[in-house]
Participant: 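Below is the structure I would like to discuss, written out as structure tokens.
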Amino acid sequence: MRGSPVKAPSWFLLATFVFSGCGYSQDEWDQKVRENEELRAQLSSEQRARAKSESDYADALEEIDSLRNQVMEGGLSLDSMNANLEAQKKALEEYAQRTAQLQQIRERFDILKGKLAQLTKLGLKLEVRDNRMVIELPGDVLFDSGKDELKKDGQAILLKIAEVVRSDVDLRKRHFQVAGHTDDRPFVGGNFKDNWGLSAMRARSVLVLLTTALDKKGGGLDVRNWSAAGYGSTDPVADNTSDEGRAKNRRVELVAQPDVNEMINLGSIDSGNP
């Protein structure tokens, strides 16, 4: 007796039916399966990338919040930081303006110093002291000891000074003070009573000659721009313990008065004596 025929599995019959019914071959079906798997893999990769981007974004937000909290804990805020930046900007602008003004003052100072430097050719000393430009005249050249009457050599020097000032428009308009000084030895006798009186009268004698009209053999300078003062022995420039030091302290100074545009520390911009 022959055996009964072997029946095919049901899934095989179903697959055969699908293949034959849809018209796909086994190779085509395998190709579609592979494409489907590739699409699934691509979708999965994109989903992972998106998840990572969202995670990074969340981390960034958290870091921003942390930094903001740190700033706030330090007593600052974004508004105050912006305000500080504006204040710094304004300060820098003001500094630039002030620097420009100081440069203009420096230029005016250098011009004045250059003009007064002509007097050094007469053997006079020009310097900046106590924020004032000072022309120093040795007292012993101008006056005899204990006297306030100008010597002929002293008169000649002062008339040359007047000529320099008078011939320059800017110097002619500037205000000057004639300052008399003595050494610290007590003044004895005469009409001056003390060194205050002697220094003041010597300054007056210089002032009178400089402001006397030219036709009266004076300096011809505008009296409205000149004044006189006596300092006695209160403002020495040398030690009074030696003859040499005392001689330096016996002096008359012509002090150029700074105008309102020059009210700064001239010594800070002085590059040295000519």
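Residues take their numbers from the sequence shown, with the count starting at 1. As the structure is a prediction and not an experimental result, all values here were calculated from the model.
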Participant: Classify the side-chain pair S44/R40 by whether it contains a donor and acceptor separated by less than 3.5 Å.
Facilitator: no
Participant: Report the hydrophobic cluster partners of V255, with the cluster defined as I, L, V, M, F, W, Y residues connected by side-chain heavy atoms closer than 4.5 angstrom, directly or transitively.
Facilitator: V134
Participant: Would you check if N225 and F176 make a side-chain contact, meaning some heavy-atom pair closer than 4.5 Å?
Facilitator: no
Participant: Heavy-atom count around R246 CZ within 6.0 Å, excluding the residue itself: above 12?
Facilitator: yes
Participant: So, do L254 and M133 sit near enough that their side-chain heavy atoms are less than 4.5 Å apart?
Facilitator: no
Participant: Less than 4.0 Å between a side-chain N and a carboxylate O, is that true for D168 and R172?
Facilitator: no
Participant: Shortest non-hydrogen contact from T182 to S199?
Facilitator: CG2-CB, 3.9 Å
Participant: More than 12 non-hydrogen atoms from neighbouring residues, nucleotides or ligands closer than 6.0 Å to CD on E93, yes or no?
Facilitator: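 Atom CD in E93 is packed in, count exceeds 12.
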Participant: Can we say R250 and D140 salt-bridge, meaning some charged N sits less than 4.0 Å from an Asp/Glu carboxylate O?
Facilitator: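 So R250 pairs with D140 through a salt bridge.
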Participant: Do N240 and N249 meet the criterion of a side-chain donor-acceptor pair at a distance under 3.5 Å?
Facilitator: yes
Participant: A quick test of your reading: do over 12 heavy atoms of other residues, nucleotides or ligands sit less than 6.0 Å from CD of E54?
Facilitator: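 Yes, because the 6.0 Å sphere around CD of E54 holds more than 12 heavy atoms from other groups.
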Participant: Tell me the closest heavy-atom pair linking L142 and G154, and the distance in Å.
Facilitator: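 That closest heavy-atom pairing would be CD2-CA, 3.6 Å.
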Participant: Salt bridge check: are D153 and K151 linked by an N-O gap of less than 4.0 Å?
Facilitator: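 Between K151 and D153 there is no salt bridge, as every charged N stays at least 4.0 Å from the carboxylate O atoms.
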Participant: With a 6.0 Å cut-off (strictly less than), is the heavy-atom count around NZ of K173, excluding the residue itself, greater than 12?
Facilitator: no
Participant: Can you see which heavy atom on R129 is nearest to which on V237, and at what distance?
Facilitator: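 It is CZ-CG1, 3.8 Å.
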Participant: Step through the shown structure and confirm whether more than 12 heavy atoms of other residues, nucleotides or ligands are within 6.0 Å of CD on Q177.
Facilitator: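 It does: Q177 CD has more than 12 such atoms within range.
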Participant: To the nearest 0.5 Å, what is the distance between CG on L137 and NE2 on H181?
Facilitator: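 If I round to the nearest 0.5 Å, the distance is 11.0 Å.
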Participant: Quick check: does any side chain N or O of S55 sit under 3.5 Å from a backbone N or O of A51, one acting as donor and the other as acceptor?
Facilitator: no
Participant: Going by ring-ring contact (aromatic ring centres under 6.0 Å, His included), name the pairs with one or both residues in residues 138-169, residues two or more places apart or in two chains.
Facilitator: none
